[in-house]
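These notes are about the structure you will find just below.
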Amino acid sequence: MATRAPDRLAAVPPNRPVRPRRFRRHLVHQLDVKASPYAYVAPFFLLFSAFGLFPLAYTAWVSLHEWTLLRDEQPFVGLENFRTLLADDYFWNATFNTLSIGVLSTLPQLLLSIWLAHLLNRPLRAQTFFRVTLLLPNVTSVVAVVVIFSQLFGRDFGMINWMLSLFGVGGVAWTEGVLSSHVAISIMIMWRWTGYNALIFLAAMQAVPRELYEAATIDGASGLTQLRRITIPMIRPTIVFVVITSTIGAMQILAEPLLFGSYLITGGVDRQYQTLSLFIYENFTKLDFGYASAISWMMFVFIVLVAGVNYLLTRRSKGGLT
């Protein structure tokens, strides 16, 4: 009697359908892996689009019009506001004042911040107290800072002139001269931001390997030599970052020149310390929104140029460290 061959097809188990619950878990996992990063960063881009990109684009549109609240119509004038701006002596005066104050405040601030961070990077008692103390000027109200410094730089009863008189220097009219007013405003900026930048430098210095300092100490290198040969080269990208952020901040100075002296939006009687931000504010008070928007875009161009210089310096610093 012949035996029946086993059914091979029956031996192969049929494909089991995917359970709905497992499919839902798989779908949720894929969405979490692929879509959740975009969901996390979406709030930033939404806020940036609403409060960053849209005002920037709308300001560009306004700058192409003769836009003022004194008229019902805003005619399109193209680049006429920019042509007028480039021929405006007040604009170039404000640009010069902004660059001058920026240089006078950034360079000494950079050197002083690195020196303070170098001191705090060494073993000291009450390090937390000193670090908090460095941050206090930054959290102080800028209005209070300018009011107090305006009193200190007073011509007749100011403490600065009193101290200078001890060395035989006559009373300086800090608000009337170009250089004197720039120096006074730069000192205010330095007082507010030196400690803040010092803490940034301190964070970068603490990432430098201690073995380098120990080897330099064994070789007899002094603290100043270690600062020049080890610390500064190792924190060069941070230095570039602080320089650029300080420069951009100096280009946006408004409160210090506005509240300094006689509280004039023109930056003094002869516009000796009017900055670009203050020049924009002056034109906004005149309700000339088209011209003020053109000034704002010129400031934006300056900031982009500074960012380009930052990119070049960063690439050069990376090349020097490798």
Side-chain angles (χ1 to χ4, degrees), residues 98-140 142 145 179 182-253 256 302-322:
T98 303
L99 295 177
S100 175
I101 294 174
V103 172
L104 291 175
S105 61
T106 301
L107 294 180
Q109 180 186 155
L110 174 66
L111 298 176
L112 187 58
S113 299
I114 293 178
W115 180 67
L116 290 175
H118 178 68
L119 293 180
L120 292 178
N121 195 36
R122 306 175 66 179
L124 294 175
R125 295 181 180 179
Q127 287 186 349
T128 304
F129 170 77
F130 290 113
R131 294 174 184 176
V132 173
T133 304
L134 285 179
L135 195 59
L136 287 179
N138 183 253
V139 300
T140 306
V142 61
V145 172
L179 180 60
H182 291 187
V183 170
I185 295 175
S186 299
I187 291 176
M188 300 180 199
I189 300 172
M190 290 170 54
W191 187 85
R192 288 194 65 219
W193 293 101
T194 297
Y196 176 82
N197 291 328
L199 293 180
I200 296 179
F201 287 136
L202 178 61
M205 290 179 184
Q206 291 184 341
V208 179
R210 287 292 175 182
E211 293 79 5
L212 299 177
Y213 295 107
E214 294 175 357
T217 302
I218 295 175
D219 292 339
S222 61
L224 182 60
T225 302
Q226 295 179 18
L227 176 64
R228 291 188 296 107
R229 298 298 180 89
I230 298 177
T231 305
I232 292 180
M234 294 297 293
I235 66 170
R236 191 176 300 172
T238 305
I239 295 176
V240 174
F241 169 77
V242 172
V243 169
I244 299 304
T245 54
S246 300
T247 303
I248 295 176
M251 294 178 63
Q252 300 174 345
I253 296 172
E256 287 85 352
F302 292 156
I303 293 177
V304 170
L305 293 177
V306 172
V309 174
N310 178 25
Y311 174 73
L312 295 177
L313 292 177
T314 304
R315 287 187 58 185
R316 183 176 180 181
S317 65
K318 288 181 180 180
L321 292 177
T322 56

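Across all their heavy atoms, L134 and A198 have their closest contact at CD1-CB, 4.2 Å. Here the closest heavy-atom approach between residue P209 and residue M234 is recorded as CD-CE, 4.3 Å. For T98 against A250, the heavy-atom pair with the smallest separation is CG2-O, 3.8 Å. Closest of all the heavy-atom pairs between P233 and L227 is CD-O, 4.5 Å. Counting all heavy atoms, side chain and backbone alike, T238 lies closest to A204 at OG1-CB, 3.5 Å.
A side-chain donor-acceptor contact under 3.5 Å links S113 to the backbone of T194.
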Verify side chain to side chain contact (heavy atoms under 4.5 Å, CB included) between L104 and I185, making sure each step is shown before the conclusion. CA-CA 9 Å; L104 291 175; I185 295 175; over 6 Å; no
Begin from the C-alpha positions of L111 and L107 and carry the test side chain to side chain contact (heavy atoms under 4.5 Å, CB included) through to its verdict. CA-CA 6 Å; L111 298 176; L107 294 180; 5.8 Å; no
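For T247, there are no side-chain hydrogen bond (donor to acceptor under 3.5 Å, both in side chains) partners, not counting sequence neighbours. Partners of H118 according to the side-chain hydrogen bond (donor to acceptor under 3.5 Å, both in side chains) rule, which considers only residues two or more places apart in sequence or in another chain, do not exist here. A search for side chain to side chain contact (heavy atoms under 4.5 Å, CB included) contacts involving V142 returns V146, R192, A255, E256, not counting sequence neighbours. For the side chain to side chain contact (heavy atoms under 4.5 Å, CB included) test, residues two or more places apart in sequence or in another chain that qualify with I248 are I244, Q252, I303, V306. Residues meeting the side chain to side chain contact (heavy atoms under 4.5 Å, CB included) test with A216, sequence neighbours left out: A221, Q226, I230. For R229, there are no side-chain hydrogen bond (donor to acceptor under 3.5 Å, both in side chains) partners at least two apart in sequence or on another chain. Under the rule for a side-chain hydrogen bond (donor to acceptor under 3.5 Å, both in side chains), T140 has no partner lying at least two apart in sequence or in another chain. Residues satisfying the side chain to side chain contact (heavy atoms under 4.5 Å, CB included) criterion with S246, sequence neighbours excluded, are T106, Q109, N197, V242.
Taken from CD1 in I101 to CD1 in I187, the straight-line distance is 12.0 Å, to the nearest 0.5 Å. Summarising the geometry, atom OG belonging to S105 is positioned 8.0 Å from atom CE belonging to M190; distances are rounded to the nearest 0.5 Å. Here T231 contributes atom OG1 and I239 contributes atom CD1; the two are 9.5 Å apart, rounded to the nearest 0.5 Å. In this structure, CD1 in I114 is found 12.5 Å from CG in N121, a value given to the nearest 0.5 Å.
Under the salt bridge (Lys or Arg N to Asp or Glu O under 4.0 Å) criterion, no residue pair touches residues 206-219, with sequence neighbours excluded. Screening residues 184-232 for ring-ring contact (aromatic ring centres under 6.0 Å, His included), with sequence neighbours left out, gives F149-W191, W193-Y196. The salt bridge (Lys or Arg N to Asp or Glu O under 4.0 Å) analysis of residues 99-108, with sequence neighbours excluded, yields no pairs.
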